[in-house]
Amino acid sequence: MNDYDSNRKNSLTTNRNERLEQIENAIDKLASGDFDVRLSETKGYDIVESIARDINTLAETLRSTYKELTKTISSYQELYEDAPHAYLTIGAKGIIQRTNYKACEMLGFQMGDLFGKPLQSLFADSTDGKLKIQREFGRFLAGEEIRINELAALKSDGRITWTDLSISPIRDDDGKVVSGRCLLVNTSEQKINEEIKKHLNTVLFTVNDTLQIIATAKNREEMLKDICDSLVRTGSYSNALIVLYGESGLLTQTFSSGNSPWLVRLNEYLASGDKPDCIEKTLLRKGLIITGLDSANCAWCPASCKDDSNSTYSLRLDNAGTVYGVIMVSIPGDMVHDEGEQALFSQLAENISFGLRTLDIETERKQAEEAQRESRRKLKTIFDNSSDAIIIHDFHGGIIDVNNTACERLNYSKDHLVKLNLAQINSPENEGLIEEYLNEIKNEGYAKFETVWLTRDVSQISTEIISRVIEYGETTAILSIARDITEHKRLIEREKELAAAEAAASVAERNAEELRDLVDIASHELLHPTTLFKGYAEILLQHKDDLDSETIVETFESINKAADRLTHTVRGLLDTSKIDRSKLELSYSTVFPEYLVSRSIMDMRTLGLENEFIVKENVGNDPISIDNELILKAIVSLLENAVKFSPENAPVEIWFEQDDSQTVFSIRDHGSGIPERDREKIFDRFYQVEDVLHHSIPGIGLGLYITKTIIEGHGGWIRVDPAVDKGSVFSFGIPF
């Protein structure tokens, strides 16, 4: 071995020895009760490092256990510290570990001055007190309670105070004595009845036994019955009764131990559904209720202890706002006002209340677990037997679980499906849809959409999916319920086809009706001028030599008017034909509204009409971009309509108004007006207010229809309103 290897080996040996020494020191600290131990971690894997890690684990466990023990005994610290008697706690070797304030007061020491001293050091050498303690200490270690009377205790100022000493052993789980509780009674200042001391000590043990019962009880009945038996068995109390009431105030259970006439009577009384005054009062408020022979209110009560010269303690059992019932015990009358007795009984009641609350919590937990298991069983049944396909998947589309319907629908085994992703069972065209759906689920927690599934043999299934986020085991997942809507979509398409066919039939029927109207109206309108043509032609042919020049002129004027009417009718039909074939083309130019009003009146004058056309005050005159000829045609059509439906030579008013968004033209007539039921229909094709076949006013009902089409072609609107006094106002707006 070279020097390097030798030095390295020596270094490792030294480090190992140092590590072992650290481990030995840590073990000594743990053995002495010092759990604040932490060995540094290394990456070694030999037995020394393994021991070090085990010691760290052990130290952590001891620290945690110590904390729990500290919490467990904290509730008794106040009772111990404020007890009316002097108490000391000693270890198995007789070393004082703890004292209460009363002990320090009795001996004249400060709290903590006695810690770590042997118990024998508290007593004077001039007496045989130390010898008595040494002689009796073996019995204590054997698990017996020892009592030594008339011991001379040394106070801090050197004076002697006579005391009686009782030492009660405290055992571990294996029954081994690990410590003792010492009671020091100052017999030189007061005479304490030996039975009172024994009773208090016994009650103290009973309190401890109660904790054991509470810790190991499996149910409420077992716990409360064992507590009653323990209270009587240990001699703490001659009788014990625990009465429980439900939320409705009715008796639910009773538990008792003892056989005095008091207890028998009280149980019978409670079984009848009645409550003694003491129990009624106890249920209504916190605090100890004492009843006895000297109470006038209790003389008749079955809870009275007149048979055994005892008094009764009653305390309410409540915890966390829940009142469970009452605990009652019988106690010797001469001890009823002892503060220590009352404090121990109060602690006993608190322990029982805490035990009841703990059992309730455990019962609620078990019920919740059972309810959860039952819910899971039901969900499993629904999951497996649902007629809809159910898929549970993660937020990336990875399939976690499926039901039988999903397997059957997609023609995959369950083992195969749980290895796939949603994208693999959806049509490739829906790849983007699946990604959007997963994002929606992440953001909203819910989604509903339609897609197309691909089966194993690449058949397509139209599918509607409803998904929501759920807690699945220990993780968060997505539950998707998929319904086959292939047949549903087929029915919808069929319904659409039928609806389209019905609509087409309706349109065809409406067109046929309009065509019949057109034929009837056009025949009527065309027949009138052609009849005139025929009549005047025959007159001219047969009587041309007999007619004077004036008659001939009138005849030709009539023929001319008939030709105008025929031309007007034919042009209306041609314009309607263009509109129906969507061949109405707009040629925009800029024009002033005032020009349109003037030009339209001029066109009306060329028709030879004698009506007065009144131009009311206009608002604005900004140029507008329109199809000049078509808008002019619309205005003229409205003016003709106003003249047609007004009395002969009645005036017609026209004006326009402009604002920031549009130009509005208005034409008012002085006719009889339009009924409200006809105002929306007059702009329909072939519609006239009067009967189609028997109208007295010439026209085929196309003028307003063509006008509306022209206005709407410019993005505008048109309507008719009743005038203030008589007649109608037609208005239309053209946006800028």
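These figures come from a predicted structure and were not determined experimentally.
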Closer than 3.5 angstrom, by distance alone: can the side chain of [X] be matched with the main-chain N or O of [Y] as a donor-acceptor pair?
X      : Y      : value
Ser248 : Gly246 : no
Thr405 : Ser386 : yes
Asn403 : Asp388 : yes
Arg409 : Trp453 : no
Asn421 : Gln424 : no
Ser353 : Asp318 : yes
Thr252 : Leu244 : yes

request  = List the steps and the verdict of side-chain hydrogen bond (donor to acceptor under 3.5 Å, both in side chains) for Asn426 and Thr451.
outcome  = CA-CA 7 Å; Asn426 278 272; Thr451 184; 2.7 Å; yes
Are [X] and [Y] packed together at the side-chain level, in the sense that at least one heavy-atom pair is separated by less than 4.5 angstrom?
X      : Y      : answer
Thr663 : Ile626 : no
Leu356 : Leu224 : yes
Val469 : Phe395 : yes
Tyr245 : Lys275 : yes

Asp394 to Ile400 - nearest heavy-atom pair and separation =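 Heavy atoms only, the tightest pair is N-CD1, 3.9 Å.
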request  = Show the numbers, then the answer: is there a salt bridge (charged side-chain N to carboxylate O under 4.0 Å, His left out) between Arg377 and Glu370?
outcome  = CA-CA 10 Å; Arg377 284 194 293 269; Glu370 179 57 31; 3.1 Å; yes
ask   = Leu270 and Ile279: side chain to side chain contact (heavy atoms under 4.5 Å, CB included), yes or no, with the steps?
value = CA-CA 10 Å; Leu270 291 170; Ile279 289 183; 4.0 Å; yes
request  = Using a strict 4.0 Å threshold on nitrogen-to-oxygen distance, state whether Asp229 and Lys225 make a salt bridge.
outcome  =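 Salt bridge between Asp229 and Lys225, a charged N being under 4.0 Å from a carboxylate O: yes.
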key: Pairing of Arg365 and Glu369 as salt bridge, 4.0 angstrom limit   =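 So Arg365 pairs with Glu369 through a salt bridge.
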task = For Trp717 and Gln662, run side chain to side chain contact (heavy atoms under 4.5 Å, CB included): C-alpha distance rounded to whole Å, both residues' side-chain angles, the deciding distance at 0.1 Å, then the answer.
result = CA-CA 11 Å; Trp717 53 267; Gln662 63 181 346; 2.9 Å; yes
query = ring-ring contact (aromatic ring centres under 6.0 Å, His included) with Tyr446: which residues, sequence neighbours excluded?
reply =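 Partners of Tyr446 by the ring-ring contact (aromatic ring centres under 6.0 Å, His included) criterion come out as none, since no residue qualifies.
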ask   = Checking side chain to side chain contact (heavy atoms under 4.5 Å, CB included) for the pair Lys414/Asn404: CA distance, chi angles, key distance, verdict?
value = CA-CA 8 Å; Lys414 184 174 183 178; Asn404 297 331; 5.7 Å; no
Evaluation steps, side-chain hydrogen bond (donor to acceptor under 3.5 Å, both in side chains), between Thr486 and Asp484 = CA-CA 6 Å; Thr486 303; Asp484 185 347; 2.8 Å; yes
message = Is the distance from the ring center of His393 to that of Tyr472 below 6.0 Å?
response =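 Between His393 and Tyr472, the centre distance exceeds or equals 6.0 Å.
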inquiry  = For Lys489 and Glu450: C-alpha separation, side-chain torsions, deciding distance, then whether side chain to side chain contact (heavy atoms under 4.5 Å, CB included) applies.
reply    = CA-CA 11 Å; Lys489 290 183 75 67; Glu450 290 184 11; 3.4 Å; yes
ask   = Counting heavy atoms not belonging to Glu247, are there more than 12 under 6.0 Å from its CD?
value =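 No, not enclosed.
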